[in-house]
Every structure is written in structure tokens, then in C-alpha cells.
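Just so we're on the same page: letters track the sequence lines, and every chain starts at 1.
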2 protein chains.
Amino acid sequence: MTKRVTLFTEVADELRRRIQTGVYSEQMKLPSDYELADEFGVSRLTIRKAVDQLISEQRLVKHRGKGTYVMRAPKLYSGHYGLTSFTEVGEHLGKDVQTKLLSLKKIKTDQVALDFGEARELFVIQRLRQYNQTAMTIEELWIPVDYLPPTFSEEQATHSLFQLLEQSHVIGYSHQEIAAVNIEAPYHELLNVPLHQAGFKMMSETYSVDGALLLYDCSYYRGDEYRIKQTLQR
Amino acid sequence: MTKRVTLFTEVADELRRRIQTGVYSEQMKLPSDYELADEFGVSRLTIRKAVDQLISEQRLVKHRGKGTYVMRAPKLYSGHYGLTSFTEVGEHLGKDVQTKLLSLKKIKTDQVALDFGEARELFVIQRLRQYNQTAMTIEELWIPVDYLPPTFSEEQATHSLFQLLEQSHVIGYSHQEIAAVNIEAPYHELLNVPLHQAGFKMMSETYSVDGALLLYDCSYYRGDEYRIKQTLQR
DNA sequence: AAGTGGTCTAGACCACAAA
DNA sequence: TTGTGGTCTAGACCACTTT
């Protein structure tokens, strides 16, 4: 019992803490692998895994022969407090997020061009998501009826479908494609934006590890509220 | 001499070849770490690094206790043969790519809000990039005069500034922020698109490993020619 | 020459999944 | 119970960067 954490996670947590509290400040060079391994009393590989983790979190950078450095934060400030990236949209499940069901129907899988395998019937769920009373996105989701609990209801259709899915399936990966589009009728009214205003159209397919298509999602995001942020290395 | 490759890279190359030739087909389960280590005559850690590499390339997925699987390719087909993502824009340096210099001037660093450190003067380069005679993007770049060779000319301003930069600096990382915007005057004329058509606006800051700001980039991409594609795992 | 990250091994034990 | 991925060690040698 007690906590179920790995050694390298604990090391990573401590390094992250040092970065946040300024023990290791921006642009500063960290002690070497060897020194850290010594200090923490773990093997060098464990240090390297912890550092790799912080690199994937975009807090550190390293370069052969030079050392490991604390990454500088982006200086770009979009005036709005918009969401950071589509990957993080799911994290804003706070109390100010509302979901309104626009439509819920069943269709046969042979009516769509997507390969849902054995599944015969799909739910097609259209819903509007709001944040602080402001319409943010319109989502349209396709999901096999059998992948949701038999008790699935309209009420549940306003909550996280990912969580429902995960009760019976292990989610492996999602392919996403994002386009810049003009928001036209009838979407502009639902999103409460001027006709033709620019927005993001995101299409994604979610698969289980062994490649079964679990969910298809086609959504529109207000361009004035969302930004995509990412960091590229090397 | 001869090739300068690592063991795990060679293993990764062979695994990639097997995936491409169908020895390991889509959705198929690979042999276990142990079996592969045995077959290749290397340690298990080396196999794991090779597999990690292919996972980061989005060719494999794995799950504890279950196994490693070949990832399914995305089924989304944007009708156009547009560029895959901003990360790959630089790879299309084929013969059909043209760059036209729109303007080139020098300014003092104290005229901008960006922290270029010691640098006093910046080049501001505005250029238009075309692919197959079609205008694709408008770029505006800020870069310290000292970071480019003293021989820097207008002719060179139409080629890869990254390559020029790399002659004297090691590039560490770039922060990017992407917005969906309406293309307005005068950009719509340069890009040859209707007024108000949706497009991407991308702002990026490129840093060296030790956190010196090397380059700032603000670009507009035609929404009808570009898509952002990405794959999320777990 | 010294410092620091990159690769590699051989073997051990743990944790989750499926038979 | 068996298979398979996840973590961890201790030590060795290589390659790039800086002194």
C-alpha cells in the first residue's frame, strides 16, 4: 500500500520542485548526471530517466558534452486566457464548464466511411461546450453503441465520454487533424460569433492499443478563444 | 570511419523496415522484448530504446502486460496534398519551393519587446514563400545582425535562415503559438486568397540550449493549403 | 586533459494482462 | 501460472565541448 511511485518519478518530482522554487533558475546549468546520481543515491540511468521526463515536459534541455539546462518559458502572451492546446481541453472540467446536448441519434455503421470493425450501430452525439457561460466548441462524436454501458442516457451524454469508454476499453492513441476554417451557418449562431469568423476544425480518431477504432470526433473551436501551443526540440 | 550509427538505431531501422514491408503488419503484435533481444543478439535495453524510437515516430504502441503493436495509420484524408504540419514545413525544400524577399531592414533591439540579450541590432526580414507557383505563407523574421555571417546578403535572405544560424549557434528549442485568424489586407492579396478567408497565424521563438533568443518568427499560412496533424498517445 | 552526455551490457525483481 | 512490459543497478567505454 502507501504510494505507488517509481524511483525516477520521485527524482523527477524533486527536480521539478527545484525548478519551480528557483533552486535551479531559468537558463541555469544543472549538476551533471554523475553528481545528481551521487546526491540522490541512485544509478545514473535513473537520473537520466528523471531528466528525460522533465525534458518531455519542456522544463529542461540538454546537449552532449555541454550539460543540462533549465528551459526558458515562452515570452509570447496571447492576451486571452484561452486554453493552451487541444490536448489540455479535457483538463478544464472545473465547475464553470457546461455541456448542452444538441442531438443524440443512432445510425448503422455501414452509413459511414469509417472502419469501426465488428460494431453495427453508432451513437452520433452533437453537443455544445461552454466555459463561463461562453460558447467555446461544438462537438460531433461517433461511437459504437456497444462500447458504452447499457445504461447510457442523454444525461451521461453531457459528461466525459472518454471516462465512460475507459471503463471497458484501454485507450491507446488518437490521430488528429486540425484546419483553419471560417465559421459559417448554423455554427456561428451556436458559437455566438460573427459569420465567417476564423476558427479551428479538429477531426480525431481514437484507437485502442490493438488498433480498434473507438471514437471519431469532429469539432469546431472559436478562433478568438483558442490557441495551439507547442514546443519543438532539436 | 564508415557509418556512424548506434546499435539501437540499427535495430530501429530493421524494425521500421519490417513494418514497411509488412513483415509486421498493421495492428499486429510484435515479438516480446525478450525474444527480440535474443534474435538481434543485443541487450533488452537496446531493444527497448529501438522500440521507444518507433513509438515516438508513431509506428508502434505498447501496453504493459499486453505487448507491442503496430499502430494503424490515420484514416483521415484531407482532399488536398497540403503540408503535414508546421514541423515539416522545412522539409519541403524541393525545387518547386520559391522564396521572394518582400522587405529587409535593420532596427535597434530596444524597439521591440523581445529579450535578445546583448544583441543591439536586428534584421527584420519579410518574405513570401511559394510552392508550385502558389503563394503559401508570409513570413516575418527578427534575428540579431551578429548571429548571421558578415557576408549576409539579400540573396541569402531567400534561403534557409536556420541553416545559416546553425553555422555559428546550436539550436535548442522553439516555442510556438498558433492561432486561427481571418486573412485581411494587405496579406490576402499577397497570398492570393479571398478577403477574410481563414488561415493560421504562427508565432515562434527559437532559443539556443542555454536560453539565448536566436530568432523570432511571425508567419501567416493559407488555411486552404495547410493542416496540422498530430498523434497523441495514452 | 577534464567534464558531461550517449550507448551498452547482464541480470534481477516488480506489475499488469491473459490463459 | 505464464507472458510481457516497467524499473533499477553497477560498471564500462564512446563522443562531443570546454579548459
Side-chain angles (χ1 to χ4, degrees), chain A residues 1-13 15 24 28-56 60-71 166-173 208-210 212 233-234, chain B residues 1-13 15 24 28-56 60-71 166-173 208-210 212 233-234:
Chain A
M1 41 195 59
T2 72
K3 45 183 180 175
R4 166 116 355 260
V5 290
T6 58
L7 236 190
F8 83 87
T9 303
E10 283 184 343
V11 174
D13 289 344
L15 292 179
Y24 300 147
M28 181 177 165
K29 184 168 172 248
L30 259 63
S32 72
D33 286 4
Y34 299 95
E35 289 176 283
L36 289 174
D38 213 45
E39 183 200 331
F40 284 94
V42 301
S43 80
R44 197 174 145 227
L45 183 61
T46 302
I47 293 294
R48 289 175 64 76
K49 287 194 69 171
V51 169
D52 280 350
Q53 162 111 35
L54 295 185
I55 286 174
S56 75
L60 295 177
V61 229
K62 58 181 171 176
H63 193 267
R64 192 197 195 94
K66 231 169 127 61
T68 303
Y69 291 79
V70 180
M71 189 180 276
E166 282 189 316
Q167 291 177 10
S168 53
H169 295 76
V170 179
I171 292 174
Y173 51 95
S208 62
V209 175
D210 53 8
Q233 289 194 49
R234 235 13 77 93
Chain B
M1 40 197 59
T2 70
K3 45 183 181 176
R4 168 117 351 261
V5 290
T6 59
L7 236 191
F8 83 87
T9 302
E10 283 184 342
V11 174
D13 288 345
L15 292 179
Y24 300 148
M28 183 176 162
K29 184 167 173 247
L30 259 63
S32 72
D33 285 5
Y34 298 94
E35 289 175 282
L36 289 173
D38 213 46
E39 183 200 331
F40 283 94
V42 300
S43 79
R44 196 172 145 229
L45 184 60
T46 301
I47 293 294
R48 288 175 64 78
K49 286 194 69 171
V51 169
D52 281 349
Q53 163 109 34
L54 295 185
I55 287 174
S56 74
L60 294 177
V61 229
K62 59 181 171 177
H63 195 268
R64 192 198 196 95
K66 231 166 126 59
T68 304
Y69 292 78
V70 180
M71 189 180 276
E166 284 190 314
Q167 290 176 11
S168 52
H169 294 76
V170 179
I171 292 175
Y173 51 96
S208 63
V209 174
D210 53 8
Q233 291 194 48
R234 235 16 75 95

**OP:** Send over the distance from A/Leu36 CG to C/dG5 C1', rounded to a whole Å.
**Re:** 12 Å

Original post:
Any side-chain N or O of A/Thr68 less than 4.0 Å from the OP1 or OP2 oxygen of C/dT4?
Top reply: no

Original post:
Quick one: B/Phe8 CZ to D/dC14 P, roughly how many Å, whole number?
Top reply: 18 Å

Original post:
Separation of B/Glu10 atom CD from C/dT7 atom P, in whole Å?
Top reply: 13 Å

Original post:
Of all the choices, C/dT4, D/dT4, D/dG6, which nucleotide is nearest to the side chain of B/Lys62 once you look at every atom?
Top reply: D/dG6

Subject >> Gap between atoms CG and C1', on B/Leu30 and D/dT4 respectively (whole Å) >> reply: 13 Å

Write out a two-atom table: protein N or O, nucleotide N or O from nucleotides 17-19 of chain C, distance below 3.5 Å.
{"from": "C/dA18", "atom 1": "OP1", "to": "B/Lys66", "atom 2": "NZ", "distance (Å)": "3.2"}

Original post:
Within a strict 4.5 Å, meaning less than it, do heavy atoms of the B/Ser43 and B/Phe8 side chains meet?
Top reply: no

Original post:
What is the distance, rounded to the nearest whole Å, between atom NZ of A/Lys49 and atom P of C/dG5?
Top reply: 18 Å

Original post:
OP1, OP2 of D/dG5 versus side-chain N and O of B/Arg48: anything below 4.0 Å?
Top reply: no

Original post:
Under the side-chain hydrogen bond (donor to acceptor under 3.5 Å, both in side chains) test, which residues partner B/Tyr69, sequence neighbours left out?
Top reply: none

Subject >> Side-chain heavy atoms of A/Arg48 within contact of A/Arg44, under 4.5 Å >> reply: yes

Original post:
Expressed in angstrom and rounded to an integer, what is the separation of B/Leu60 atom CG from D/dT4 atom P?
Top reply: 16 Å

Original post:
Who are the side-chain hydrogen bond (donor to acceptor under 3.5 Å, both in side chains) partners of A/Ser56, not counting sequence neighbours?
Top reply: none

**OP:** With sequence neighbours left out, write down each residue that passes side-chain hydrogen bond (donor to acceptor under 3.5 Å, both in side chains) with A/Asp38, or none if nothing qualifies.
**Re:** none

Subject >> Result of checking B/Met28, B/His63, B/Lys66 against A/Asp210 for side chain to side chain contact (heavy atoms under 4.5 Å, CB included) >> reply: B/Lys66

Output a table of nitrogen or oxygen pairs between the protein and nucleotides 9-13 of chain C separated by less than 3.5 Å.
{"from": "C/dT9", "atom 1": "OP2", "to": "B/Ser43", "atom 2": "N", "distance (Å)": "3.0"}
{"from": "C/dT9", "atom 1": "OP2", "to": "B/Ser43", "atom 2": "OG", "distance (Å)": "2.8"}
{"from": "C/dT9", "atom 1": "OP2", "to": "B/Thr46", "atom 2": "OG1", "distance (Å)": "2.3"}

Subject >> Sidechain N-carboxylate O distance under 4.0 Å for B/Lys62, B/Asp52 >> reply: yes

Original post:
What's the CD-P distance between B/Gln53 and C/dG6, to the nearest Å?
Top reply: 14 Å

Original post:
With A/Thr68, which residues qualify under side-chain hydrogen bond (donor to acceptor under 3.5 Å, both in side chains), at least two apart?
Top reply: none

Original post:
Got B/Phe40 and B/Leu15 here, is their nearest side-chain heavy-atom distance under 4.5 Å?
Top reply: yes

Subject >> Atom pair distance, as rounded to whole Å: CG in A/Asp52 and P in D/dC8 >> reply: 13 Å

Subject >> Distance below 4.0 Å between A/Lys29 side-chain N/O and C/dG3 OP1 or OP2 >> reply: no

